[in-house]
Colleague: 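Quick one: this structure, given as structure tokens, is what I'll be asking you about.
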2 protein chains.
Amino acid sequence: MSQESLDSTEIKIKEAARELFSELGMKGATMRKVAEKAEVNVALVNYYFRSKEKLFLSIFEEKFRSYTKDGLSILNDTSRDLLDRIKTYIDRLNHQINNDQGLPIFILSETHYNPNLLDMLSDLNKEQAAIETQQLQATLDLDYHSGKIRPIKAIDFQMALFSMIVFPIISKKILTKTGKLAAAGFESYESYEPHWKNTTLSIMEAFLKPLS
Amino acid sequence: MSQESLDSTEIKIKEAARELFSELGMKGATMRKVAEKAEVNVALVNYYFRSKEKLFLSIFEEKFRSYTKDGLSILNDTSRDLLDRIKTYIDRLNHQINNDQGLPIFILSETHYNPNLLDMLSDLNKEQAAIETQQLQATLDLDYHSGKIRPIKAIDFQMALFSMIVFPIISKKILTKTGKLAAAGFESYESYEPHWKNTTLSIMEAFLKPLS
DNA sequence: AATAATTTTAAACACTTGTTTAAAACAAAC
DNA sequence: GTTTGTTTTAAACAAGTGTTTAAAATTATT
């Protein structure tokens, strides 16, 4: 057995792989770059992970799980006002993505350039997705019947929120470089973000409001 | 001078490059694959385009232009109802993206994995972005002062619309494979799309409505 | 028809890729 | 202290990469 120090060879390799794969993608990252970043001999990467594909898959699976797991449980906290729950959800999702800014593009890119990846993971997520949707739908139905909101499908609710939170973040660099934000009077994306968060909330608020 | 038949060597190469770069990305596509798809000798690719980078850049620039050019002029057509304009805009943007489904992910991926790309093109788009924003803002201000809508920033208007139209499309495969759509009672993304288009319109409608 | 310019070809170049090997260094067990 | 198992190393492997070469084929010019 080997010693299990915190920065064992295996862990150092995986950390380097995490960084390089999300920075350069599956094709852009190389075994030698991973080895160099991990300060380790090239052969050790194959010794511990058998192949580049297996190494990539271990990172991809981890990141895919992190991407598809959204904390919809917050939205089911009946003790709080629905708008308050949405606000919290927006903040959490924003925070989660800011923790690993490249995550959404990494998942979208790699699955686009190699659709096979999706077939290898689809099983696990199916059950969970169904449950979360049912719970949220129940909450939305409840609030509708008590006259608080208009009837809304949970999937639409999620789609709108997720799109408006994630897409602007993955478009950050392009928005900045093309001057779209500057043209609207915002110095940087950082100064636009809090404003946009409020706007997202306002949009959802307006959408939820019962028709009078 | 060479003959300028419609499928000249240069054009055949560019067409093959277009397909392969958007399918496999800059790193995934190879000069030999391009040559093979164009049914042409490998050396000819370098003969006409000098290098892989130059070939890629010519494709990237073309696609970037197509991605950042959004037909906001529709929204300025004062002869029509604002909601009608939005509906048309949603349809056009949807149609435009469906014509080249991989376009958004291609741009987002390649600029993410090689941020330098943005520095090479930013100049051209800046002026245009400013003009379009000013025009849209003027229209929105006009409708606000005549009491038709609440005050809204053009950038927010664009951000919401663009996010809700583009993001679901680039998430199509993942949504399908993870069963999110099936859990909501939709057989495929194709059956969800028209429903979502209506939802997007409803959201924008609710958001625009003046506060009573 | 002869010459010049252009286009295409097969082959090779130098370099990088993922992966394997066989020996060395190290730690654990007896 | 010797043996056993594990980890690390430098070197090499075969295949693939972008690119260049120099000759051949084709087309255009005179």
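Per chain, numbering begins at 1; letters A, B, ... match sequence-line order. Basis for what follows: all heavy atoms, side chains included, without hydrogens, waters or symmetry-related copies.
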Colleague: Tell me, with the steps shown, if A/Phe207 and B/Phe207 meet ring pair (Phe, Tyr, Trp, His ring centres under 6.0 Å).
Modeller: CA-CA 7 Å; A/Phe207 181 49; B/Phe207 181 49; over 10 Å; no
Colleague: Can you check the B/Asn46 CG to D/dT19 P distance for me, whole Å?
Modeller: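 So the two atoms are 5 Å apart, to the nearest Å.
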Colleague: Calculate the interatomic distance between A/Phe49 atom CZ and C/dT20 atom C1'; express it in whole Å.
Modeller: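 Distance, rounded to whole Å: 18 Å.
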Colleague: I'd like to check the ring pair (Phe, Tyr, Trp, His ring centres under 6.0 Å) partners of A/Phe167; sequence neighbours left out, ordered by chain and number.
Modeller: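 By the ring pair (Phe, Tyr, Trp, His ring centres under 6.0 Å) rule, A/Phe167 matches B/Phe162.
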Colleague: Give me the distances for all protein-to-nucleotides 22-24 of chain C N/O pairs that come in under 3.5 Å?
Modeller:
none

Colleague: Of all residues at least two apart in sequence or in a different chain, which pass the ring pair (Phe, Tyr, Trp, His ring centres under 6.0 Å) check with A/Tyr89?
Modeller: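 Per chain and number, A/Tyr89 pairs via ring pair (Phe, Tyr, Trp, His ring centres under 6.0 Å) with no residue.
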Colleague: How many whole angstroms separate atom CZ of B/Phe56 from atom P of D/dG18?
Modeller: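 After rounding, the reported distance stands at 13 Å.
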Colleague: Report yes if a side-chain nitrogen or oxygen of B/Tyr48 is closer than 4.0 Å to either non-bridging phosphate oxygen (OP1 or OP2) of C/dT8; otherwise report no.
Modeller: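 Affirmative; the distance criterion is met.
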Colleague: For A/Leu44 and D/dA11, what is the distance between atoms CG and P respectively, to the nearest whole Å?
Modeller: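 Distance, rounded to whole Å: 16 Å.
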Colleague: With sequence neighbours left out, write down each residue that passes ring pair (Phe, Tyr, Trp, His ring centres under 6.0 Å) with B/Phe49, or none if nothing qualifies.
Modeller: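 None.
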Colleague: Near DNA chain D, which residues from residues 21-42 of chain A have a heavy atom under 4.0 Å away?
Modeller: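 Under 4.0 Å from DNA chain D: A/Arg32, A/Asn41.
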Colleague: May I have all residue pairs that pass side chain to side chain donor-acceptor pair (under 3.5 Å) and include part of residues 104-113 of chain A, sequence neighbours excluded?
Modeller: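 Listed by first then second residue: A/Ser109-B/Ser109, A/Glu110-B/Tyr113, A/Tyr113-B/Glu110.
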Colleague: Under 4.0 Å between a side-chain N/O of A/Thr9 and OP1 or OP2 of D/dT8, yes or no?
Modeller: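 Indeed, a polar side-chain atom of A/Thr9 lies that close.
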Colleague: Please, which pairs that meet salt bridge (Lys or Arg N to Asp or Glu O under 4.0 Å) have at least one residue in residues 179-201 of chain A, sequence neighbours excluded?
Modeller: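 Passing the test, one end in residues 179-201 of chain A: A/Asp91-A/Lys197, A/Lys172-A/Glu190.
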Colleague: Out of C/dT19, C/dT20, D/dT20, which has the shortest distance to the side chain of B/Ala43?
Modeller: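 Nearest nucleotide to the side chain: D/dT20.
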Colleague: With sequence neighbours excluded, give me every side chain to side chain donor-acceptor pair (under 3.5 Å) pair touching residues 30-44 of chain B.
Modeller: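 Only B/Glu19-B/Lys37 qualify under side chain to side chain donor-acceptor pair (under 3.5 Å).
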Colleague: For residues 50-60 of chain A, which residue pairs pass the side chain to side chain donor-acceptor pair (under 3.5 Å) check, not counting sequence neighbours?
Modeller: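 Side chain to side chain donor-acceptor pair (under 3.5 Å) check on residues 50-60 of chain A returns no pairs.
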Colleague: Check whether any side-chain nitrogen or oxygen of A/Tyr47 sits under 4.0 Å from OP1 or OP2 of D/dT7, and answer yes or no.
Modeller: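 Answer is yes, contact under 4.0 Å.
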Colleague: Are B/Asp77 and B/Arg80 close enough for a salt bridge, meaning some N to O gap below 4.0 Å?
Modeller: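 A salt bridge links B/Asp77 with B/Arg80.
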